[in-house]
Amino acid sequence: MLLEIKDLYVKYGNIEALHGISFHVNKGEIVTLIGSNGAGKTTTLHAITRVPPPEGSTVSGGDILYKGKSILKVPAHTIVSDYNIALAPEGRHIFGNLTVEENLKLATYSRPDDENQQKDYERVYDLFPKMAERRYQRSETLSGGEQQMLSVSRAIMTACNFILLDEPSMGLSPLLMYDMFRVLKQLNEEGMTILLIEQNANLALKFAHRGYVMDTGEIVAQGPSAELMNNPEVKKAYLGG
Amino acid sequence: QNIKIGFNIPLTGDIPKVGEESKFAGEMLLAEINGQGGLDVGGTKYKLEFIYEDNESKAESAVTAALKLIERDQVLAIVGPNSSKQAVPAGQVCNDNRTPMISPWSTNPDTTKDRPWVFRAAFLDPFQGPVAADFAIKTFKAEKAAVLYALANDYSKNLAEIFQADFNSKKGDGAVVAFESYGDKDQDFSAQLTKIISSNPDFIFLPNNYNEVALIVKQAHDLGWKGPFMGADAWGNSELMTLCGDDCKGHYFSTHYAAAGAKGATKEFIDKYNKLYGYQPADVAALTWDAINVVLAGIQNAGKITGDLRKDRKNIREGIAAIEEVKGITGNMKFDAEGDPIKCAVVVKINDAGEFEFTESVCP
Amino acid sequence: MSLLEIKSLTQQFGGLTAVSEFSTRFEGRELMGLIGPNGAGKTTVFNIVSGFYKPTKGKILFKGKQIDGLKPHRVTAMGIARTFQNIRLWHDMTLLDNILISQHYNLGYNLFDLFTRNRRYMENEKRMTSIAMELLEQLNLVQFKDEKPRNLPYGIQRKIEIARALSVKPDLLLLDEPAAGLNSSDVQDLIQLIRWIHNEFDIAIWMIEHQMAVVMSLCSWIQVIDFGKTIAEGTPDEIQNNPDVIKAYLGDDNI
Amino acid sequence: MLDSIFQNLFNALQWGSFYSLIALGYTLVYGVLRLINFAHGDIFMVGAYIAFFLAMFFLQGDGGLSGPVILAMVIPLTMILTSVCGVALERIAYRPLRRKGANRLYVVITALMCGLILENGNLAFLGASRKSFPELIDKVVYNIGSISMTNLKIGVILSSILVYFVLNAIISKTRIGMAMRGISYDKFAIPLMGIPIDTIIMVTFILGSSLAGLAGILFAMSYPVLDPFMGALIGWKAFIAAVVGGIGDIKGAFVGGFLLGIVEILAMAIFPSTFRDLIAFSILMIILVIKPTGLFGIAKSTKI
Amino acid sequence: MINTKKMSVPSLLFLLAAGTIIAAHFQLIDLYVQTVIMFIGVNIILSSSFNIINGYMGEFACGHAGFMAVGAYVTSVLNIMFFTNSKTFGQAIFAPELALYFFPVTMFIGGVAAAITGLLVAVPSFKTRDDYLAIITLAANFIIVSLFINMDVIGGARGFMGMKQIVFAMEDVAYIPWMLIWVFTFTYFTVFVIRRFVTSTYGKGIIAIHQDEIAAEIMSVNTNKMKLVAFMLSSGLAGLAGGLFAHILGYINPNSFGILKSTECLVMVYLGGMGSLSGSIIAAVIFTLLIEGLRFIIPAADTLLHLMPIIPDTFHLSQVLKWVIIPLILVILMQFRPEGLMGNRELSDFFPKLKKYYEFK
Ligand SMILES: Nc1ncnc2c1ncn2[C@@H]1O[C@H](COP(=O)(O)OP(=O)(O)OP(=O)(O)O)[C@@H](O)[C@H]1O
Ligand SMILES: Nc1ncnc2c1ncn2[C@@H]1O[C@H](COP(=O)(O)OP(=O)(O)OP(=O)(O)O)[C@@H](O)[C@H]1O
Ligand SMILES: [Mg+2]
Ligand SMILES: [Mg+2]
């Protein structure tokens, strides 16, 4: 097990958002978290990446183990620099005052300046030609979808072997969305582990190996994707019929 | 029973140094008189009690401080505020509430005008301005003068204007070839000085606070000025020499007293202050000392302390108004109908040892 | 006279042409879709129509009057309301206030009335409150009226944004990606809601959306733009099968 | 007339250098935290005092050190000690507030209060006497044509230019600089890039305060009268300069500082000096009305 | 029908004010306390009017004292010109007794003048935002002060006085503490006007601008007009504060209205909480009392510390510490309440029961 969430409780102030959830992600897997709005998916990812208050929440119980070691107490930035876990956050959070290229460069802050880095630039620009085109544009003037691409590209550029994606397809055109999932699949085949949150549950389950279904802070169903897709309750509540 | 006297002084704000020196002068005098068993009024010895209120160099605070002293502390008289910005409104309050007040340092005529209860210890600008003009004409053979003053400081502005009018009237219109100003807390004067120097005056009149003087004189020298400066009483601070150093030597200013070569009580005061607080007292300390002495003389003149506050205050006011002459360390003084002192000014030279050396004395 | 007529609209940002020679028209109360790849200029078109940008070139007529160059609040007052790609509610005011403030186009009183709180003021405040309450009731949002949007679920926030836009009694409603971030079942609800609004309020709706399920089931006419230019338009069926559109935008969904 | 214009321009450059140096510190902190560090002017004052005490210490020591040697020691030491002061403020007063998610204006007000504490604390504990900064280097007056310059003034101008180029290189070229700019836009995402946010903020405060320290020494040498309130007004004005240049922008602060210096001095040179504030501030206001984001600032364009 | 319960808070406030006035009249409270109360009133006007811009509208303006200066000078000059014989303005135009009746009028004109000066910052605010606007307000403050310094007719840097004559003229009509009455009246008026404004749909437009200006503009709020109204209202009310200030003090000086004063306004607004009217009022009271209270606390603490020999005999706590202690207290307060005392909530949000005891229309 690469990542293990054990009975995690999380609070915003006094309001509990996660009521003891447990799940795990194995090395090389694609796992998806699906569930209705406000179920606590984003909260889970933020807990893993240790986003501090006030933007974030506080863990009030349980543990998060990475390769068997607890990462609850480590400083936030070491999640990337030491543990190599990257997050493409909900709401994009790009650095609007920097150019596209500077955004990507900043993502390499904690990695050595080697040729792999160069390869990753190429890969990103290859994946999203728009990014190459807009390289020197201040990123805040990008269109919504372009910003989303930048956010995902940035997560890829941190060169982590474990990447968390929070609704990466939001605002992307269908074409790009499929392209992106193809690339993610390819990355996965090269050894990258992926934990994906996606509103489009159909797509997510098609893409992932395993899935967890969340509802109001709890995990209500889990299993291999195919199994979940055929689960009538999941179908009814989350797959739109 | 004690005799309570209030101090309305700027311990914080723009000019804390002024407040500090006033306070130190007060403490020194207090220790001296109480050390002798107190003040002798009509045969009884009364201990003195001084209450120091901070007016933050703000007009509104000076008013509340005055009221607090009058209403809460029930003082017999108030010394301060020092600068006119606070002394004018505080003077109003003291006058309205029938409490004698004496400002050691304020030079604005409005402070005492039509206010029978308000006095001051410093001479007024209309007297000092011409002293400077006359001296410069005589000593520098000056035909053309330049003035640099602090716009937001009414002391400086007033004096500058009076000097300008006087000099022009003596040497013809336009004899003041440059009349420049600077703002509150300014530190760079190069533009004004460039203007002044290019207008070729025979000397530069600087009716400014000593800390600014130090900067102005240095900067003028940087810009190539080699002529003389003439200053006013606000130069009269021991710190001037620490701040200004060699640059100020050889220049003149008019003031209340000359520290170097001072004799008698003046010397005693300076030495004692220096010993106690580690630096030479400025004119404001000396004026505060004199102001307190005026109040004490007024109390002694009143002849008795009745314990009825209103009556005592009235008696003290009459007592001060009736003063024949107080021998002050800044000169001997008596008061005219407005409550302004009639006293002499001296012109001092800053000699090569950096001392303020007596040059001449001008009496009204 | 058509409701809205856009004639060869062009918008440049520096050297970049975000929209070029774009034209369209609304005859009456249609429900039209505007789709296209990311960065094609869809939002920019909405921004120009709602008065946020002044177009480099082109003309927009609304109910026969020229509106390009007008300030946004004027455009809204004339009857064009919109929602945003990223939710922009006033998050720290109550839901009711959110709806009320949109009544600024028709306050009915002035500052003098305000300070004296005379009859005119009272009546108008009452009128606006009842408009707002009625709308909230129609949209089943009354129970949240004193809540702050920040504390409400994302789906509800989207709905509130639509409610707020409706409160200006628009003739044309612009929806910028209303389904973004909604999960599949919420999307179904949204489709119902938009259809219902279209009928109930009898207004024209113009919609940008990337989720084809929404666009195809709602819109009667769809326009596709790429690099700011119209590359296709037609009924949902025509669009879905147009090879240009598939190549530029729809793609194929095998992962 | 022409001579005096050149003389004035030279003076303005020197005076503007101080505005620039202080404005750079303002802008640096602002550029990262969107925090108007109103205590910056007072940190500058602290710098001047630290330099004073260091200089006195070395002068009184019996090493018999010469002025320039002392200066060479005082400069780095002052910069280090001043940045300790700046960092202390950040750690004690600003950071806890930031952590609690306070509105940035509350941090601004806290900074204002910290400035007051520094000023009045100095007054209360060092007394009201002003300090006179010793002359560490011999003044040389050069006359070129009829323009007088001193070695010190030339040094000040050169230092501020040098500082600008160094700082600009740090901000635009290095990763730390990029991270600094990133923080200003979105603090949330910074740790997600593997960037230790507190370290970057600390570096910012160290840089900013050491600049204030440097400005403090140079100022103390040029205007050798130190008092507790010496930083207040120049601080406000430098802030104005930074904003007029485009706050958060290094070039903006640099140019803004010189601009303010030139405007102030030329306003005095050309018009009666009593109108200086009136004219100078009217000009700045007009600049901002015409360019609402300052000379070099870029509007944070909001995507809708 | 009058609901008596709903009247209890207003009547209580009225009784308190009336009680103070009566007590002042019979000299049960001394002039010092009266003056402090009047300054509290002035500060309430200042902070609550400043809150319109800095709190409700969320801009960072920092030149409030400038508008106060305009009000102070205009009101004072008018009063002195009309009702007293002065060197500058010659004979009185009207009988001095009329000063009493026309005082609200001249105050109002002062307020209007300040409001018009407010245009100086309102118009730039259409395009300029954030800290750029802060500089414009700051510059406006400098400009206004500099203008007054350069006007020698009204004293320039020397200041302007004679307003006590006006107060005396009022007292000649009837000897009661008029200034106290005026301060109460105008403070009430200010709070009343601001409350009416920010609770109306119209006024809430500025809160919408604060939270999302783009959304406001798109949702039919005429943002430029709202800014104009807000800035003019805020500066106009500051002008009232200036008029009162001038007459309480009897003397004004341009330097009293510099950035220092503006800073005090800033502190009060943020101490109270952005967008909280009751917060502004509470902060103004606390701040003024703190400044005055330290006059008593510091000597008391000094005596206390010397009684239990903690500090050496030679060391005395002096008033110099005042301006170390005040900011220190504020910094510490901020750490505990990083959104100001009240946040953006009102007293009635903390004590919902309070709502039963007053009615607000
Ligand atoms: N900053 C916050 N403060 C308080 N409560 C919050 C905060 N962020 C989220 N919550 C609450 O926590 C719960 C879980 O939210 P979360 O964002 O994790 O859900 P989600 O599953 O990611 O939803 P979505 O699909 O909308 O992204 C929700 O009820 C939400 O209201
Ligand atoms: N203010 C601006 N300055 C410069 N370029 C801009 C600006 N606004 C938009 N653009 C550019 O114009 C293009 C069109 O942007 P727009 O937001 O209209 O795209 P869109 O079609 O809505 O895309 P999406 O579906 O991703 O939201 C983009 O490439 C964007 O980078
Ligand atoms: Mg989420
Ligand atoms: Mg868009």
Side-chain angles (χ1 to χ4, degrees), chain C residues 46-47 50-52 71-84 86-94 96-111 113-117 121-122 124-129 131-132 148-150 161 164-165 167-170 174, chain E residues 52 55-58 108 111-112 115 126-127 189-230 232-233 236-237 273-276 339 343-345 349 352 359-361:
Chain C
F46 273 23
N47 285 347
S50 55
F52 196 70
K71 304 270 281 163
H73 69 97
R74 296 279 308 282
V75 175
T76 311
M78 288 180 68
I80 300 179
R82 70 171 287 178
T83 64
F84 298 93
N86 305 313
I87 295 179
R88 301 192 86 114
L89 289 166
W90 298 299
H91 277 289
D92 285 323
M93 280 195 271
T94 64
L96 185 62
D97 278 347
N98 267 274
I99 308 283
L100 269 179
I101 287 168
S102 318
Q103 297 293 314
H104 257 246
Y105 77 104
N106 183 20
L107 283 167
Y109 60 81
N110 58 28
L111 270 176
D113 302 328
L114 187 160
F115 288 126
T116 51
R117 298 237 154 155
Y121 171 86
M122 287 304 190
N124 276 299
E125 283 282 337
K126 207 183 272 168
R127 173 184 59 81
M128 290 187 282
T129 315
I131 291 177
K148 292 181 176 166
R150 169 185 309 298
E161 236 200 356
R164 186 177 69 173
S167 74
V168 304
K169 297 221 156 77
L174 311 179
Chain E
I52 298 176
Y56 291 105
M57 202 157 85
F108 183 74
V112 169
F126 295 167
K127 283 201 295 180
F189 173 76
T190 303
V191 175
F192 175 84
V193 162
I194 295 176
R195 265 210 87 165
R196 287 208 155 171
F197 185 66
V198 297
T199 50
S200 68
T201 300
Y202 192 151
K204 277 177 195 160
I206 61 171
I207 309 177
I209 292 178
H210 179 190
Q211 294 187 10
D212 191 332
E213 183 170 346
I214 289 170
E217 178 70 28
I218 293 267
M219 294 319 302
S220 85
V221 178
N222 185 345
T223 48
N224 284 358
K225 188 172 155 204
M226 287 311 298
K227 287 180 185 175
L228 206 65
V229 170
M232 289 183 72
L233 185 63
L237 292 172
M274 292 165 77
S276 166
E339 69 231 335
N344 60 1
R345 294 185 290 177
D349 298 327
E359 190 169 39
F360 174 66
K361 278 215 192 82

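A quick note: this is a predicted structure, and the numbers were derived from the prediction, not measured.
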Most heavy-atom pairs under 4.5 Å with chain E, out of C:L100, C:V168, C:L114, belong to C:L114
Per-residue tally against chain E (heavy atom, under 4.5 Å) across C:P72, C:S167, C:G51, C:A77 peaks at C:P72
Are side-chain heavy atoms of E:M219 and C:I101 found at a separation under 4.5 Å? no
Chain E contact via [X] - which portion, at a heavy-atom distance below 4.5 Å:
X      : result
C:M128 : side chain
C:D92  : both
C:T83  : neither
C:R164 : both
C:L111 : both
C:L107 : side chain

**Report entry** Audit row: C:R88, E:I218, side chain to side chain contact (heavy atoms under 4.5 Å, CB included) steps and yes/no
**Finding:** CA-CA 10 Å; C:R88 301 192 86 114; E:I218 293 267; over 6 Å; no
Determine yes or no for a side-chain-to-main-chain donor-acceptor pair under 3.5 angstrom, with [X] supplying the side chain and [Y] the backbone.
X      : Y      : result
C:H104 : E:Y202 : yes
C:W90  : E:I207 : no
E:S220 : C:S102 : yes

For side chain to side chain contact (heavy atoms under 4.5 Å, CB included), just list the numbers for E:V221 and C:H73, CA-CA rounded to whole Å, side-chain angles, deciding distance to a tenth of an Å, and then say yes or no. CA-CA 6 Å; E:V221 178; C:H73 69 97; 5.9 Å; no
When rounded to the nearest 0.5 Å, the distance separating CG of E:N222 from NZ of C:K71 is 7.5 Å
In this structure, CZ of C:R117 is separated from CZ of E:R196 (nearest 0.5 Å) by 5.5 Å
*asked:* Working note: E:I214 + C:F52, criterion side chain to side chain contact (heavy atoms under 4.5 Å, CB included); need CA distance, chi angles, decisive distance, verdict.
replied: CA-CA 9 Å; E:I214 289 170; C:F52 196 70; 3.9 Å; yes
Verify side-chain hydrogen bond (donor to acceptor under 3.5 Å, both in side chains) between C:E125 and E:T201, making sure each step is shown before the conclusion. CA-CA 7 Å; C:E125 283 282 337; E:T201 300; 2.9 Å; yes
Those residues at least two apart in sequence (or on a different chain) that pass ring-ring contact (aromatic ring centres under 6.0 Å, His included) with C:Y109 are C:Y121
Residue set satisfying side-chain hydrogen bond (donor to acceptor under 3.5 Å, both in side chains) with E:H210, at least two apart, ordered chain then number -> none
### More than 12 heavy atoms from other groups under 6.0 Å of CZ on C:F115
yes
